[in-house]
Amino acid sequence: MPDAVVTRFAPSPTGFLHIGGARTALFNWLYARGRGGKFLLRIEDTDRNRSTPEATAAILEGMAWLGMDHDGDVISQFDGADRHAEVAHHLLAEGKAYKCFSTQEEIAEFRDAARAEGRSTLFRSPWRDTESSTPPDAPYVIRIKAPQDGETIIRDQVQGDVTISNSQLDDMVLLRSDGTPVYMLAVVVDDHDMGVTHVIRGDDHLNNAARQMTIYQAMGWNIPIWAHIPLIHGPDGKKLSKRHGALGAQEYQAMGYPASGMRNYLTRLGWSHGNDEFFTDEQALDWFGLDGIGKSPARFDLKKLENLCGQHIAITDDAALRHEIVNYLAAANLPALSSDQEEAIERAMYCLKERAKTLPELVEKAHFALISRPVRQDEKSTKSLDDVSRRILSELTPQLQNVKWSRDELEEVLGAFAQAQDTKFGKLAGPLRAALAGRAVTPSVYDMMLVLGRDETLARLADTAG
RNA sequence: GGCCCGUUCGUCUAUCGGUUAGGACGCCAGGUUUUCAACCUGGAAAGACGAGUUCGAUUCUCGUACGGGCUACCA
């Protein structure tokens with residue numbers, strides 16, 4: 001029987017949660033949650049100089065926005081320093097690691113020379129096999145004794161079997177000369193101690209996997225199942241960087257993309273389930289697997305994101321959209337809606353959500369329901385309010401006094417009115433839009449009347465008819 | 001420099017030796033219409049290149065080109 005799945009997302013807190021990291025987290029989350037497994041979160045903060053609490057907070061917020069909940073506490077890798085050192089010393093005692101007294105200057109010199117001569121820059125410590133000689137009274141690092149013959153095969157679920165010659169493996173540092181553990185050791189120890197069964201991470205770690213395997217083997221630990229996923233590139237095909245603009249998860253939230261659409265897009269980016277493009281979280285959880293992950297890097301495409309977001313907005317229920325809008329406004333640092341406005345936007349939602357791709361578009365289209373009298377006219381709507389139009393509006397208003405306030409009825413009355421004026425409804429629509437919304441671009445006139453209600457509609461018409 | 005990975009329409013991708021190489025986004029044209037959208041119909045658009053294996057390669061192998069990654073007492 002297979003063990004329960006345990007995955008983890010292990011970002012370093014050196015900046016916000018970028019889109020590539022978000023997708024890595026998502027893949028781990030989907031894989032674990034789709035199989036009733038656990039999804040753990042570990043902050044790789046062993047580099048004290050580059051780690052900041054602000055970055056950790058930003059990562060947590062980004063994950064919360066995308067709805068990726070983790071099991072247990074957030075683990076700080078730095079907190080496990082003692083345990084990491086303990087493993088290093090255990091390996092030292094076992095003779096599987098050794099003290100290396102070479103200084104950083106010596107090593108740098110060696111590498112420069114090697115590179116200049118076109119030789120391998122792999123550093124071979126002279127201290128690897130000198131246990132008997134008397135150790136100098138000087139600072140040292142602890143290095144692992146990596147195998148030098150044979151080869152290491154990374155059995156990767158995405159990349160296939162990747163064979164690395166052990167002659168390429170260096171005796172990497174486990175413990176720095178100040179006694180602190182290095183990332184390469186810490187990941188292995190933490191992943192083992194946390195019971196991680198599947199390591200799903202960016203393929204920038206593919207080569208590292210071979211080096212990390214030497215630690216697993218030295219400790220006699222089971223090697224997790226590897227899955228190294230390709231990185232995401234920017235629209236220009238280059239590596240994703242801050243130069244591409246807003247790339248933090250938070251910023252996409254502030255731009256008004258709904259989390260459900262973002263999840264869908266990110267999941268589909270580099271992963272496929274036949275030709276399925278648009279799917280719900282339930283389907284993603286059900287379908288997601290390592291075998292559907294592609295091997296080549298994908299570019300981030302806002303158009304596709306928008307399209308998917310539009311489809312998600314269309315199927316989200318009105319009350320949920322109301323809450324998403326409230327959260328979006330806060331994330332974007334925009335003024336909040338009053339409770340009346342919130343109710344109005346929820347009431348109007350039915351005629352807005354099938355035509356908006358993003359949350360701000362939803363708010364924009366809801367303009368008519370958010371404003372209060374007197375309606376202020378923008379430039380374009382002013383043009384449709386000449387004297388003739390105003391006269392027509394004033395003739396129309398009384399006719400709406402006693403009709404049944406339903407779409408069918410309104411269509412009939414307005415249609416008949418247009419005919420009586422010897423014109424078409426299309427001619428009436430402009431002035432009506434102006435009167436009701438103060439704009440030339442609005443939802444359907446009938447929908448606006450229904451959302452606004454009889455009293456408000458008549459009041460706005462009367463205001464404008466003058 | 002050494003080692004590793006990748007390469008199907010502009011973009012995301014399907015294909016698990018035999019297909020008119022399919023879908024989606026975007027784009028173009030037409031339709032519908034109450035403005036903007038949405039929606040409907042149609043269209044243009046791809047196997048990096050070169051060898052080899054095979055009756056037959058997008059698919060398997062090798063090479064080249066291009067892109068990416070790793071090569072720290074960073075993560």
Side-chain angles (χ1 to χ4, degrees), chain A residues 10-14 44-47 49-51 77 100 102-104 107-108 111 114-123 139-143 154 156 158-160 162-165 167-170 172-184 186-187 202-211 228 230-231 233 235 237-239 265 268-278 294-308 310 314 352 354-357 361 364-365 380-381 384 414 424-430 432-433 437 439-446:
Chain A
S12 34
T14 54
E44 313 235 306
D45 52 358
T46 53
D47 184 344
N49 295 327
R50 296 200 301 163
S51 301
Q77 186 160 64
C100 170
S102 298
T103 65
Q104 293 190 59
I107 298 170
R111 275 201 250 267
R115 187 177 288 271
E117 291 169 34
R119 285 182 290 117
S120 164
T121 56
L122 212 72
F123 177 67
Y140 60 87
V141 297
I142 294 182
R143 289 182 184 274
I154 304 164
D156 195 279
V158 173
Q159 308 289 341
V162 177
T163 304
I164 309 265
S165 167
S167 62
Q168 296 298 319
L169 263 26
D170 63 338
M172 61 188 170
V173 171
L174 264 20
L175 241 46
R176 301 187 182 95
S177 52
D178 64 359
T180 59
V182 137
Y183 161 78
M184 212 63 80
V187 238
D203 69 6
D204 48 336
H205 287 284
L206 182 58
N207 286 287
N208 287 337
R211 308 170 79 209
H228 289 94
L231 269 14
H233 287 177
K238 296 286 185 212
K239 195 185 173 186
Y265 176 71
R268 187 66 176 79
L269 193 60
W271 171 84
S272 63
H273 181 264
N275 280 331
D276 294 307
E277 303 284 346
F278 168 73
K295 299 172 79 167
S296 52
R299 303 186 190 197
F300 192 77
D301 178 20
L302 280 174
K303 291 289 191 189
K304 182 95 177 232
L305 203 217
E306 277 179 13
N307 177 275
L308 253 13
L352 309 174
E354 282 180 18
R355 26 172 85 204
K357 292 187 171 82
E361 267 184 54
E364 169 61 27
K365 290 179 193 303
K380 280 187 182 156
S381 64
S384 54
L414 285 171
K424 285 196 290 191
F425 176 69
K427 287 284 180 193
L428 287 181
L432 280 168
R433 269 178 234 290
R439 295 189 173 186
V441 176
T442 73
S444 151
V445 167
Y446 300 115

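Just the heavy atoms: all of them, side chains too, but no hydrogens, waters or symmetry mates, feed the values below. Sequence lines set the chain letters: A, B, ... in the order given, protein chains first and strands last, and positions in each chain run from 1. Please read these numbers as outputs of a predicted model, since none were measured by experiment.
Between the side chain of R355(A) and the base of rC36(B), at least one donor-acceptor pair of N or O atoms lies under 3.5 Å. Donor-acceptor pairing under 3.5 Å, judged by distance alone, is present between the side chain of N275(A) and the base of rG22(B).
Using a 4.0 Å heavy-atom criterion, one finds that S272(A) contacts the sugar-phosphate atoms exclusively. Counting non-hydrogen atoms under 4.0 angstrom, P230(A) reaches nothing in the nucleic acid. Residue S444(A) is classed as a base contact, given a heavy-atom separation below 4.0 Å to a base. At the heavy-atom level, G430(A) lies nowhere under 4.0 Å from the strands shown. The residue A440(A) sits close to a base: some heavy atom pair falls under 4.0 Å.
With P as the reference atom, rA38(B) and rG6(B) are 39 Å apart, rounded to whole Å. Annotation: rG22(B) and rG47(B) have their C1' atoms spaced 13 Å apart (nearest Å). Across rC4(B) and rU64(B), the matching P atoms stand 13 Å from one another, rounded to whole Å. One C1' atom belongs to rU8(B), the other to rC49(B), and the distance between them is 15 Å to the nearest Å. If you take atom P in rC3(B) and the same atom in rG63(B), they sit 12 Å apart, rounded to whole Å. Spacing between rA45(B) and rA24(B) at atom C1', rounded to whole Å, works out to 14 Å. When the C1' atom is used for both rA48(B) and rU59(B), the distance is 16 Å, rounded to whole Å. rC16(B) and rU58(B) have their P atoms separated by 15 Å, given to the nearest Å.
RNA chain B is contacted by both R115(A) and R268(A); R115(A) maps to the nucleotide lying nearer its 5′ end (nearest heavy atom per residue). Toward the 5′ end of RNA chain B lies the nearest nucleotide of L305(A), the other residue of the pair L305(A) and F425(A) mapping further downstream.
Side-chain contact between I154(A) and I164(A) is present, with heavy atoms from C-beta onward closer than 4.5 Å. Within the 4.5 Å cutoff, the side chain of L432(A) has heavy atoms near those of the F425(A) side chain. Here the side chains of K304(A) and Y265(A) are in contact, with some heavy-atom distance below 4.5 Å. Residues L174(A) and R143(A) fail the side-chain proximity criterion, which asks for heavy atoms closer than 4.5 Å.
A salt bridge links D170(A) with R211(A): at least one charged nitrogen is closer than 4.0 Å to a carboxylate oxygen. Ionic pairing of R355(A) and E361(A) is not present here: no N-O contact between side-chain nitrogen and carboxylate oxygen is shorter than 4.0 angstrom.
Regarding R299(A), its CZ atom lies at a distance of 14 Å from the C1' atom of rG26(B), rounded to whole Å. For the pair F300(A) CZ and rC12(B) P, the interatomic distance rounds to 12 Å; values are reported in whole Å. Note: NZ (K295(A)) to C1' (rU8(B)) measures 15 Å, nearest angstrom. The distance from atom NZ of K304(A) to atom C1' of rC9(B) is 13 Å, rounded to the nearest whole Å. Per the geometry, CD belonging to Q159(A) stands 11 Å off C1' belonging to rG68(B), to the nearest Å. Residue I164(A) contributes atom CD1, which lies 11 Å from atom P of rC3(B) at whole-angstrom precision. Computed from coordinates, the K424(A) NZ to rU35(B) C1' distance equals 15 Å when rounded to whole Å. The distance between atom NE2 of H233(A) and atom P of rG67(B), rounded to the nearest whole Å, is 12 Å.
Taking the side chain of K357(A) as heavy atoms from C-beta on, and the options rG23(B), rC12(B), rA38(B), the nearest nucleotide is rA38(B). Out of rG26(B), rU35(B), rC12(B), the shortest distance to the side chain of N307(A) is found at rG26(B).
Between the side chains of S381(A) and R439(A), no donor N or O sits under 3.5 Å from an acceptor N or O.
Nucleotide rC27(B): paired with rG43(B) (Watson-Crick or G-U wobble, both distances less than 3.5 Å). Across all strands shown, rU32(B) has no partner, as no Watson-Crick or G-U wobble contact with both distances under 3.5 Å is found. Partner assigned to rA57(B) is none, using Watson-Crick or G-U wobble distances below 3.5 angstrom. The partner of rG63(B), taking Watson-Crick or G-U wobble pairs whose two distances both stay under 3.5 Å, is rC49(B). Remark: rC3(B) base-pairs with rG69(B); criterion is Watson-Crick or G-U wobble with both hydrogen-bond distances under 3.5 Å. Partner assigned to rA21(B) is none, using Watson-Crick or G-U wobble distances below 3.5 angstrom.
Phosphate contact (OP1/OP2 of rA24(B), side-chain N/O of K303(A), threshold under 4.0 Å): absent.
In this structure, CD in Q77(A) is found 7.5 Å from OH in Y183(A), a value given to the nearest 0.5 Å.
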Listed pairs, N/O of protein and of nucleotides 72-75 of chain B, under 3.5 Å:
| residue | atom | partner | partner atom | Å |
| --- | --- | --- | --- | --- |
| rA72(B) | OP2 | R111(A) | NE | 3.4 |
| rA72(B) | OP2 | R111(A) | NH1 | 2.4 |
| rC73(B) | O2 | S177(A) | N | 2.9 |
| rC73(B) | O2 | S177(A) | OG | 3.0 |
| rC73(B) | N3 | S177(A) | OG | 3.0 |
| rC74(B) | OP1 | R176(A) | NE | 3.2 |
| rC74(B) | OP2 | R176(A) | NE | 2.2 |
| rC74(B) | OP2 | R176(A) | NH2 | 2.7 |
| rC74(B) | O3' | R176(A) | NH2 | 3.2 |
| rC74(B) | O2' | D47(A) | OD2 | 2.3 |
| rC74(B) | O2' | R50(A) | NH2 | 3.4 |
| rC74(B) | O2 | R50(A) | NH2 | 2.8 |
| rA75(B) | OP1 | T46(A) | OG1 | 2.9 |
| rA75(B) | OP1 | R176(A) | NH2 | 2.5 |
| rA75(B) | OP2 | Y183(A) | N | 2.9 |
| rA75(B) | O3' | E44(A) | O | 3.0 |
| rA75(B) | O2' | S12(A) | OG | 2.8 |
| rA75(B) | N6 | N208(A) | ND2 | 3.1 |
| rA75(B) | N1 | N208(A) | ND2 | 3.3 |

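In terms of modelled atom types and a separation under 3.5 Å, the side chain of S165(A) and the main chain of S167(A) share a donor-acceptor contact. A donor-acceptor contact shorter than 3.5 Å links the side chain of S51(A) to the backbone of D47(A).
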